[in-house]
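Read the structure below first, then the notes.
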Amino acid sequence: MYLKPVVDGDALLQYDFDGDEESSDRASPSKQTRDLSVEEYEQALSQALSELASMRQAVKELFKEDQAVPTKRVATSEQEDGYFSTYTHFSIHEEMLKDEVRTDAYHRFITQNPSIFKDKVVLDVGCGTGILSMFAAQAGAKRVIGVDQSNVIYKAMDIVM
């Protein structure tokens, strides 16, 4: 089974991003144009300009206004306060810790992949109770820094220290 392009004749799929001269039908300019006449140079230049125009058109088609990707809205402080306030209650942290499938999955991944954590500095943003921070320490992290905006960070500090 082969993948099929969404856009027929997609110029980006025709471009050799790797620049592998061995597999490319286009050799480097020095090899390709070594013994060409002025007319052949002009023809090669014309072809290159045509291909460039085709690629430009393909990019313009990709980024038409009606196909634009929606931009991310910046959260207001009220929205941020609402989001972070949901994590100030201990019940949400208790619920997450009691979710054995979730917690065990994190624990298994972190402790069974010590090469990712061994002797590394780990920054746990939104650490909550610090459970993932503790898993990272178990996996051999050199230093673990837990950061959280809610007051549960003080309980995490009590647990870890």
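From K98, atom NZ reaches atom CD of E100 across 10.5 Å, with rounding to the nearest 0.5 Å. In this structure, NE2 in H107 is found 8.0 Å from CD1 in I131, a value given to the nearest 0.5 Å. With rounding to the nearest 0.5 angstrom, the CD atom of Q138 is 11.5 Å from the OG atom of S133. With values rounded to the nearest 0.5 angstrom, F135 atom CZ is found 13.0 Å from F109 atom CZ. Distance OG1/T111 to CG/D104: 9.5 Å, rounded to 0.5 Å.
Criterion: ILVMFWY side-chain heavy atoms under 4.5 Å apart, direct or through other members. Under it, V144 and L97 are part of a common hydrophobic cluster. By the rule that hydrophobic residues join a cluster once side-chain heavy atoms approach within less than 4.5 Å of another member, M157 and I145 end up as members of separate clusters.
The minimum heavy-atom distance linking L123 with V147 is given by the pair CD1-CG2, 3.6 Å. In plain terms, the two heavy atoms of M96 and T103 that are nearest each other are O-OG1, 3.2 Å. The two atoms that bring D148 and G126 nearest to each other are OD2-C, 3.2 Å, heavy atoms only. The shortest non-hydrogen separation linking C127 to I153 is SG-CD1, 3.4 Å. Across all their heavy atoms, V122 and A141 have their closest contact at CG2-CB, 3.8 Å. E40 and S37 make their closest contact through OE1-N, 2.8 Å (heavy atoms, listed as atom of the first residue, atom of the second, distance).
Residues Q43 and E39 bring no donor and acceptor atom of their side chains to less than 3.5 Å of each other.
The neighbour count for R143 CZ, taken as heavy atoms of other residues, nucleotides or ligands under 6.0 Å away, does not exceed 12.
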